[in-house]
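A short worksheet on the structure shown next.
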Amino acid sequence: MTARKVRVRFAPSPTGPLHIGGVRTALFNYLFAKKHGGDFILRIEDTDSTRFVEGAEEYVNDSLAWLGMAVDEGVKEGGEFGPYKQSERKDIYKKYADELIESGWAYYAFDTPAELDALRATAEAEKRNFAYDMHNRMQLKNSLSLSDDEVKQRMDAGEPWVIRFKMPENTDVQTNDMVRGSVTFNTNTLDDKVIFKSADQLPTYHLANIVDDHLMEISHVIRGEEWLPSVPLHIMLYKALKWEDTMPTFAHLPLILKPTGKGKLSKRDGDKGGFPVFPLNWQLEDGVAAGYKESGYFPEAVNNLLALLGWNPGTEQELFSIDELVESFSIERVNKSGARFDPDKAKWFNQQHLMRKDNEELSLLFNDELNERGVVADISFVEQIVAMVKERVNFVSELWEQSFFFFEAPSEYDPKVVKKRWKGDVPAFMGDLVTELEKVDNWVADDIKAVIAAQIEAKGLGFGLVMNAFRLALVGGGFGPDLMVIAEMLGKDETISRVKAAVENIG
RNA sequence: GGUCCCUUCGUCUAGUGGUUAGGACACAAGGUUUUCAUCCUUGAAACAGGAGUUCGAUUCUCCUAGGGACUACCA
C-alpha cells in the first residue's frame, strides 16, 4: 500500500455555535494532521438550508483561529480542492447520484414526507418500527415498485422526488476503526437512506460527505461517535461509487458527557454549572451563551483540557502546549468510552497555564483590564503586582480582586476580619503607629517592618494581631501578598493615609 | 423496541494473566506562609455483577446489568 498524504477535515454544519464537543473533534483532527505532516481542511456542510444560522460559519473560523488551529484549506483559506462550502458545490453531487441510479445502487422515491410520517405513526402505534428498507420498499412509491412509464410521468409532471440508496440484503459490512477496532454491521438492519432530493437539488449529508471526502482526497475521517451508525452506509457508498481503494480510514471519538447525571454535554449544563460550553460568546435572543475566551480561559488551556478528555499520552504529563500536544498525540491512545466534563479541572488547567505565563505577558493582559476600569498605571508597576499575585488566581479577571488595593484605597473593611483583629488596644495602637511611620526615612519593607516591630514590643502587643490589623487597614481584608511589600509599593503617604482612614472609619 | 458502542477511585485516567492497582482534579488532615493563595506531606477513595478458561483473572471468553449513540427529504 502506498502511503497517502494525511489529509483530514473538520466539517461542521453552520446550524449554531460550535460547541466544545465539536471543538475537540476539530482539535483531534488538527493534532493528527500536524503530527503526520498532513493537511487540516475546514469544510462547511450546509446542505440543509433550512437550518442555516447567520454567523455560525464565521463563529467556526473565529473559534479555530482563537485556539490556534491553523486551517490549511477552507472557505477563507482557499485551496486546490475547493470550493469548501457544500452549498457552493451544488453542481458536483447530482452526477454521482445519477451514477448510483444507473448502476442500480439507488432509486427514485416519490413518497411524500407526510405519507412517511403517517406510516411511522401507525408503526409506532403498533409498537413497530418503520424503516424504508428492503422489507417494504416494493410496497412504497418508487422507481423499483412503479412502472417506468409511471416514474417518467411523475417526473415529467414535476412531482418532487428523492433518491434513496438501495441497501443490499444480508451483507456484513466491517470497518476497522482507529479507536474502536473492528466493528461489523449487517445491512439487513439498515434502511434506504435519502441521498439526494429534488426539492432543492441538494444531496443529504451522506452523499455530500462521501463525494467531498473522495474529491478532497481525505485520508482519515475523525469525527464524533454519533456517526458510527452511519459507517456501513458510507462504506457501501464508497463501494457503489467504486472508490473503495481510496476510502479514508475512520476514527470515531468518544462523546463528552455531562458533569453529573445522564447524557451528553449540552448548553443547559453550562448554564446550570456556571461553566462555558462554547469557545466564544454567542449572542442569543435572550442573552448570551458564555464562551471560554470571554470567561477568561487561555486558548492553550482549552486545548489542553479538551485533549485530555478522551485521550492521554500514556505518561504522567498533564500540561501541554499545543505544540507539545502535536508532538505527543496518537490516535491509538484515544479512549473508547465517553468522558464526563469536569468544570473544576477545567479551571485548574487554566490556573496552571496562567502560572506558566511570564509576568510581562500577563501584565499586558491585566493592564487592558485596568484601563477598562479607568485605572492608569505604569506597566512595570503592573508587572510587579502580577508577579506577586498571579499564583493566587485562576483567571486574569481575578487579578483585580487580588490586587485592587494597589490602585485604590479599600472602600470597605471585611467585617469578619474587623471583628477578629480590630479590638482591644489595637485601634489605639494603630493611631500611635501613624506617628512612628512618619519617622521612617527610607521607605522600604525592612525598615517599615523594623519600626512596627519595635513599636509592638514597646507596647507589648501580639505581633500577629497587629500585623493583621495593619493588613486590614491597607487592603480592607485578610488577604494579599506580603504586607511590608504592599506598604513599600503603596508609598509612605498612601500607607499612612490608609492607616488614618482605618482608625477613623472602623469601629 | 431495533442496531451499534462503552464499563478501573466521586471525576479524568494509567496499568498487568501473579502489582502494596499508579497519577491528576475534587475532598480531608497536617506543615510552610504571623493573613489568603501557592507550595510540601499525609489520608480516604476503584477493577459493575455472575459464570467459564487458568495453578492464578481486574486483565481472556460468555451472560446479565448499567450507561451512551443512532434509528429524518438534520447534520
Side-chain angles (χ1 to χ4, degrees), chain A residues 11-15 45-48 50-51 86 109 111-113 116-117 120 123-124 127-132 160-164 177 179-181 183-186 188-191 193-200 202-206 208-209 223-232 252 254-255 257 259-260 262-264 305 308-319 333 335-349 351-352 355 388-394 398 402 417 420-421 462-468 470-472 475 477-483:
Chain A
S13 245
T15 55
E45 306 221 332
D46 56 349
T47 50
D48 184 1
T50 63
R51 296 211 308 161
Q86 289 184 332
D111 319 82
T112 65
L116 293 174
D117 283 347
R120 266 183 208 103
E124 201 176 326
K127 295 210 163 194
R128 272 180 20 246
N129 206 34
F130 174 80
Y132 205 118
W161 46 263
V162 110
I163 295 179
R164 285 180 182 272
D177 193 280
V179 343
R180 271 147 226 285
V183 181
T184 307
F185 302 83
N186 188 282
N188 280 358
T189 64
L190 270 21
D191 62 345
K193 280 273 182 289
V194 170
I195 56 175
F196 196 92
K197 40 207 199 298
S198 69
D200 53 10
L202 245 27
T204 62
Y205 169 80
H206 303 290
N209 191 263
R223 71 224 308 192
E225 191 187 338
E226 67 269 26
W227 292 108
L228 195 53
S230 49
V231 164
H252 289 87
L255 266 12
L257 274 16
T260 56
K262 293 181 175 186
K264 64 176 179 181
L305 76 91
L308 272 288
L309 231 37
W311 171 85
N312 78 82
T315 65
E316 287 189 350
Q317 183 178 357
E318 293 209 85
L319 267 11
R333 291 203 64 89
N335 279 99
K336 295 181 177 72
S337 49
R340 275 188 198 281
F341 181 80
D342 182 350
D344 281 331
K345 197 144 186 180
K347 278 187 195 168
W348 177 79
F349 275 113
Q351 183 208 33
Q352 294 297 313
M355 285 204 284
M388 279 189 285
V389 301
K390 74 175 191 180
E391 64 198 22
R392 330 165 87 86
V393 301
N394 292 327
E398 292 170 353
Q402 286 297 328
V417 182
K420 196 170 165 196
R421 313 288 191 183
F463 203 80
L465 192 64
V466 171
M467 292 307 267
N468 282 300
F470 190 38
R471 176 177 290 280
L472 182 66
V475 316
F479 61 93
D482 187 278
L483 191 53

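Chain identifiers are assigned alphabetically (A, B, ...) following the order of the sequence lines, protein sequences preceding nucleic acid strands; residue numbering begins at 1 within each chain. Not measured: the values here are computed from a predicted model.
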Query - Residue-phosphate contact under 4.0 Å: A:N335 side-chain N/O, B:rU7 OP1/OP2 - result: no
Report task. For the residue pair A:W227 and A:H206, categorise the inter-ring angle as parallel (less than 30°), tilted (30 to 60°) or perpendicular (more than 60°). Result -> perpendicular
For [N], the Watson-Crick or wobble partner whose two distances fall under 3.5 Å:
{"N": "B:rA28", "answer": "B:rU42"}
{"N": "B:rU20", "answer": "none"}
{"N": "B:rG52", "answer": "B:rC60"}
{"N": "B:rG66", "answer": "B:rC6"}

I'd like a table of atom pairs between the protein and nucleotides 62-65 of chain B - only N or O on both sides, under 3.5 Å - with the distance next to each one.
none

Requested in this report: Treat primed atoms plus P, OP1 and OP2 as sugar-phosphate and everything else as base, then score nucleotides 20-28 of chain B 5' to 3': B for base contact with protein heavy atoms under 4.0 Å, S for sugar-phosphate contact only, - for none.
Outcome: --SSBBS--
**Report entry** Contact state string [nucleotides 68-75 of chain B, B base, S sugar-phosphate only, - no protein heavy atom under 4.0 Å]
**Finding:** SSS-SBBB
Query raised in the report: Who passes side chain to side chain contact (heavy atoms under 4.5 Å, CB included) against A:S337, sequence neighbours left out?
Result: none
Requested in this report: Ignoring hydrogens and angles, tell me if any N or O in the side chain of A:Q317 forms a donor-acceptor pair with the backbone of A:L319 under 3.5 Å.
Outcome: yes
Query - Under 3.5 Å: donor-acceptor pair, side chain of A:T47, backbone of A:T204 - result: no
Query raised in the report: Reckon A:P259 touches a base, only the sugar-phosphate, or nothing at all at heavy-atom distances under 4.0 Å?
Result: nothing
**Report entry** Residues in salt bridge (Lys or Arg N to Asp or Glu O under 4.0 Å) contact with A:K193, at least two apart in sequence or another chain
**Finding:** A:D191
Restricting to nitrogen or oxygen on both sides, can you table the protein-nucleotides 40-48 of chain B pairs closer than 3.5 Å?
none

**Report entry** Under 3.5 Å donor-acceptor pair, A:R471 side-chain atoms to B:rU35 base atoms
**Finding:** yes
